[in-house]
Amino acid sequence: MCAAVWKWVSASREDRVTIEREGELNSVVEHYLSRVPGMSKNPASSEYWCDLVESLLIEQYDRGRYKIAGNGYSPAMGTSPTTNYVFEIEMKFAKKRARTPSAVDVRIGHRGPNSELVPSSCFGRRNQRPKSDDDWAVVVEVL
């Protein structure tokens, strides 16, 4: 995923639009999000996986710190219904152009009353992301 992020970061504004339109970064993020449920301590997170990423947004907070945010889609599995959820992947790099981040924090979906993943549509706006880690259904520090 780092290579895809660095490709986007180093691209011109026009090239970023092309990268986003071609969906290369979307595919990388989709694959990455599909691995996260196995890393989570929340048992409810094992009932979904990522089949589609849309409305992808990359933000650079400061040198070496990036946030990838968007909407994920999980098809129905077992007793879980089809779910649309918001996500954030925050990547921190200790050195400029490092091959691997020094830390990655992944946040997925709104937390329900029983710590379950609640579809974003229940919150009115699909792009509305939780404000604190306590409001996310899944919070995983990867590195």
Side-chain angles (χ1 to χ4, degrees), residues 1-93 97-143:
M1 183 162 59
C2 294
V5 170
W6 288 131
K7 181 178 178 181
W8 182 90
V9 167
S10 61
S12 68
R13 201 175 292 262
E14 286 179 3
D15 289 342
R16 286 180 180 181
V17 171
T18 302
I19 290 168
E20 291 163 5
R21 185 177 57 242
E22 290 174 354
E24 177 184 342
L25 187 56
N26 290 42
S27 296
V28 171
V29 170
E30 177 184 315
H31 177 76
Y32 189 81
L33 288 174
S34 292
R35 295 182 14 223
V36 171
M39 298 180 227
S40 174
K41 294 178 183 172
N42 181 352
S45 71
S46 64
E47 296 182 9
Y48 76 93
W49 58 287
C50 187
D51 193 41
L52 176 70
V53 167
E54 59 186 10
S55 303
L56 203 60
L57 170 70
I58 300 178
E59 300 172 75
Q60 182 175 0
Y61 285 97
D62 55 34
R63 188 175 175 196
R65 189 168 162 219
Y66 302 89
K67 184 182 288 185
I68 302 170
N71 296 307
Y73 167 82
S74 176
M77 291 180 62
T79 59
S80 299
T82 299
T83 303
N84 288 304
Y85 54 86
V86 291
F87 68 85
E88 292 180 350
I89 302 170
E90 186 175 348
M91 302 174 76
K92 301 167 194 155
F93 295 87
R97 301 283 187 237
R99 289 181 178 252
T100 59
S102 55
V104 178
D105 296 323
V106 182
R107 300 171 191 90
I108 299 176
H110 295 273
R111 179 189 299 264
N114 297 314
S115 296
E116 76 276 18
L117 181 72
V118 177
S120 298
S121 56
C122 294
F123 291 85
R125 293 177 52 204
R126 280 186 33 188
N127 293 330
Q128 183 178 353
R129 296 194 299 266
K131 301 293 183 212
S132 74
D133 280 353
D134 291 338
D135 296 330
W136 289 94
V138 178
V139 177
V140 177
E141 185 176 338
V142 179
L143 293 175

Specify the closest pair of heavy atoms between [X] and [Y], including all atoms of both residues, with the distance to one decimal.
{"X": "Asn84", "Y": "Tyr73", "result": "OD1-CD1, 3.3 Å"}
{"X": "Phe87", "Y": "Trp136", "result": "CA-CZ3, 4.0 Å"}
{"X": "Asp133", "Y": "Val139", "result": "O-CG2, 3.6 Å"}
{"X": "Glu141", "Y": "Asp105", "result": "CG-OD1, 3.3 Å"}

(message) I'd like to know if Glu88 pairs up with Arg107 as an ion pair, taking the criterion as any Lys NZ or Arg NE/NH1/NH2 lying under 4.0 Å from an Asp or Glu carboxylate oxygen.
(response) yes
(request) Measure the CG-CD1 distance between Leu25 and Ile58 for me, rounded to the nearest 0.5 Å. (result) 4.5 Å
(request) Output the distance between atom CG (Asp15) and atom CH2 (Trp8), rounded to the nearest 0.5 Å. (result) 12.0 Å
(request) Kindly indicate, with the supporting measurements, whether the criterion side-chain contact (heavy atoms from CB on, under 4.5 Å) is fulfilled by Ile89 and Val104. (result) CA-CA 7 Å; Ile89 302 170; Val104 178; 3.8 Å; yes
(message) Would the distance check show the side chain of Arg65 and the main-chain N or O of Lys92 forming a donor-acceptor pair, the cut-off being under 3.5 Å?
(response) no
